[in-house]
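A short worksheet on the structure shown next.
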2 protein chains.
Amino acid sequence: MNRRSFHRAPEGERRQELIEATLDCISEFGLKGATVRQIAIRAGVTAGLVRHYFESKDQMVAEAYRAVIASLTDKASQVEGDPETRLRDFIAINLTEPVADSRSISLWAAFISQVRVDPVLAEIHREGYLAFRNTLQELLADFLAAKGKPADAETCRAFAIAINGLVDGLWVEGCLAGDLFREGELVAIAMSSAEALLGTSIGTAKQ
Amino acid sequence: MNRRSFHRAPEGERRQELIEATLDCISEFGLKGATVRQIAIRAGVTAGLVRHYFESKDQMVAEAYRAVIASLTDKASQVEGDPETRLRDFIAINLTEPVADSRSISLWAAFISQVRVDPVLAEIHREGYLAFRNTLQELLADFLAAKGKPADAETCRAFAIAINGLVDGLWVEGCLAGDLFREGELVAIAMSSAEALLGTSIGTAKQ
DNA sequence: GTCGCTATTATTCAAGCGTATAATAATACG
DNA sequence: CGTATTATTATACGCTTGAATAATAGCGAC
């Protein structure tokens with residue numbers, strides 16, 4: 001009964017591998033199919049190891065959700081340049097790979113479907129959502145101010161809700177049925193829609 | 001060992017009850033928690049009965065998904081009146097209960113997260129999505145024509161994608177964090193946004 | 001080098017899963 | 001009113017699940 005040889009992973013690395021394997025399994029097999037054993041296979045370890053790094057499978061899944069939110073919001077929150085460029089990039093980033101792809105929405109949906117069930121996931125979700133919308137709202141405040149338009153809190157709030165909805169909705173459409181759209185079509189529609197909503201050019205001529 | 005007494009349900013009714021119980025369980029416990037036993041308890045029967053009405057649990061779940069799509073699209077596809085009223089009602093219906101509530105999005109998300117996994121669900125999803133967007137596109141074509149605006153296919157397509165995105169996105173926002181919005185706020189934002197996008201009043205003054 | 005620590009494997013366990021089968025209660029029909 | 005039909009219950013089966021435990025292989029310290 002010889003024991004299989006193995007490799008000791010460096011500090012923290014195995015944790016990350018397990019989280020990534022968890023997400024792979026959820027996107028490929030659904031939450032149901034993401035079993036401890038399946039995740040371990042994907043990570044190239046045995047099932048028992050999960051409990052060496054996490055208190056429970058549920059805790060590992062919760063951390064995996066944090067990773068998903070980060071992957072969906074990090075890039076868009078780090079836009080740089082003048083207000084117009086930042087707004088344009090924010091929209092484009094959210095409607096282009098890797099943020100907009102079928103894996104992303106599978107993961108997002110899997111967790112969203114659990115928000116009512118699991119208070120821990122609900123809290124993680126709410127934080128991420130508010131951060132995302134606040135980022136957009138500040139972006140819009142800067143943009144409107146730069147354009148010499150009214151930028152009071154109430155106006156910014158309404159615009160943030162509308163554009164957040166627009167971007168989210170197009171993101172969902174693109175993720176779920178990307179093949180129904182031409183290359184760059186969703187981004188183009190989002191840009192011209194945002195211009196119509198805000199009543200201002202956002203410099204899409206440059207493209 | 002006395003056997004519990006029971007009631008024989010009329011034609012087709014039990015089927016419907018089982019589907020409804022399936023949806024209840026999915027929204028409350030997630031897809032994972034929607035087990036045959038739990039569903040049976042909710043429906044007030046024993047687990048074995050499921051297989052008397054459905055070939056398998058998976059088939060029952062697929063039919064439950066059809067029911068969800070129907071509940072999300074039926075009302076909006078039956079709008080009546082002049083083009084302007086129909087468009088206005090279409091938007092309002094999708095952003096008001098019962099279409100917009102947390103149970104709806106739990107169910108929607110649970111199934112969306114399975115679309116990549118299960119080809120049967122993927123097919124059901126695609127049909128529903130295309131039907132929904134076509135309804136909206138025809139609505140817009142009528143509306144633009146009535147307003148004397150250009151209503152060629154390409155224009156309608158772009159508007160349909162944009163407004164579908166807007167409505168879907170606001171629907172998601174409202175379902176997930178309804179408490180962050182004032183009564184009627186989402187509908188109001190959707191209406192004014194649609195007007196800005198289309199460059200036309202849609203008669204929200206009446207309100 | 002070898003010793004001690006711990007990351008990893010291997011194995012086991014009880015609980016819960018979807019399904020299959022047989023007994024039986026409720027209804028329809030002559 | 002008796003009998004055939006079938007919707008429903010009750011029970012059992014084999015399998016998978018997340019978790020617990022004990023053995024051990026890898027690796028840094030000395």
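Proteins come first, then strands; the chains are lettered A, B, ... in the order of their sequence lines, and each starts at number 1.
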Can you measure [X] atom [atom1] to [N] atom [atom2] for me and round it to whole angstrom units?
| X | N | atom1 | atom2 | result |
| --- | --- | --- | --- | --- |
| B:Phe54 | C:dA20 | CZ | C1' | 18 Å |
| B:Arg51 | C:dA22 | CZ | P | 15 Å |
| B:Ile41 | C:dC17 | CD1 | C1' | 14 Å |
| B:Tyr53 | D:dA7 | OH | P | 6 Å |
| A:Gln59 | D:dA19 | CD | C1' | 14 Å |
| A:Phe29 | D:dT17 | CZ | C1' | 16 Å |
| B:Lys32 | D:dG18 | NZ | C1' | 11 Å |
| B:Ile39 | C:dC17 | CD1 | P | 10 Å |

Would you please confirm or rule out a distance under 4.0 Å between OP1 or OP2 of [N] and any side-chain N or O of [X]?
| X | N | answer |
| --- | --- | --- |
| B:Arg8 | C:dT27 | no |
| A:Ser5 | D:dA25 | no |
| A:His52 | C:dT8 | no |

**Study point:** First of B:Ala9 and A:Glu55 reached from the 5' end of DNA chain D, by closest nucleotide
**Key:**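 It is B:Ala9, whose closest nucleotide lies nearer the 5' terminus.
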Practice item. Could you check whether A:Ala47 gets within reach of a base, just the sugar-phosphate, or nothing at all, counting any heavy atom under 4.0 Å? Key: nothing
Practice item. With heavy atoms under 4.0 Å as the rule, sort B:Val45 into base, sugar-phosphate or nothing. Key: sugar-phosphate
Check your understanding: More 5' along DNA chain C: A:Arg37 or A:Thr46, using each one's nearest nucleotide?
Key ->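 Here A:Thr46 is the residue nearer the 5' end.
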Check your understanding: So which one's nearest nucleotide on DNA chain C is more toward 5', A:Arg4 or B:Ser56?
Key -> A:Arg4
Exercise for review: Establish, from distance only, whether the side-chain atoms of B:Gln16 and B:Glu20 form a donor-acceptor pair under 3.5 Å.
Suggested key: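 Note: B:Gln16 and B:Glu20 side chains miss the donor-acceptor criterion.
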Review point. Are A:Tyr65 and A:Gln114 close enough that a side-chain donor and a side-chain acceptor fall under 3.5 Å?
Key: no
Review point. For A:Phe132, which of A:Ile69, A:Asn94, A:Leu72 qualifies under side chain to side chain contact (heavy atoms under 4.5 Å, CB included)?
Key: A:Asn94
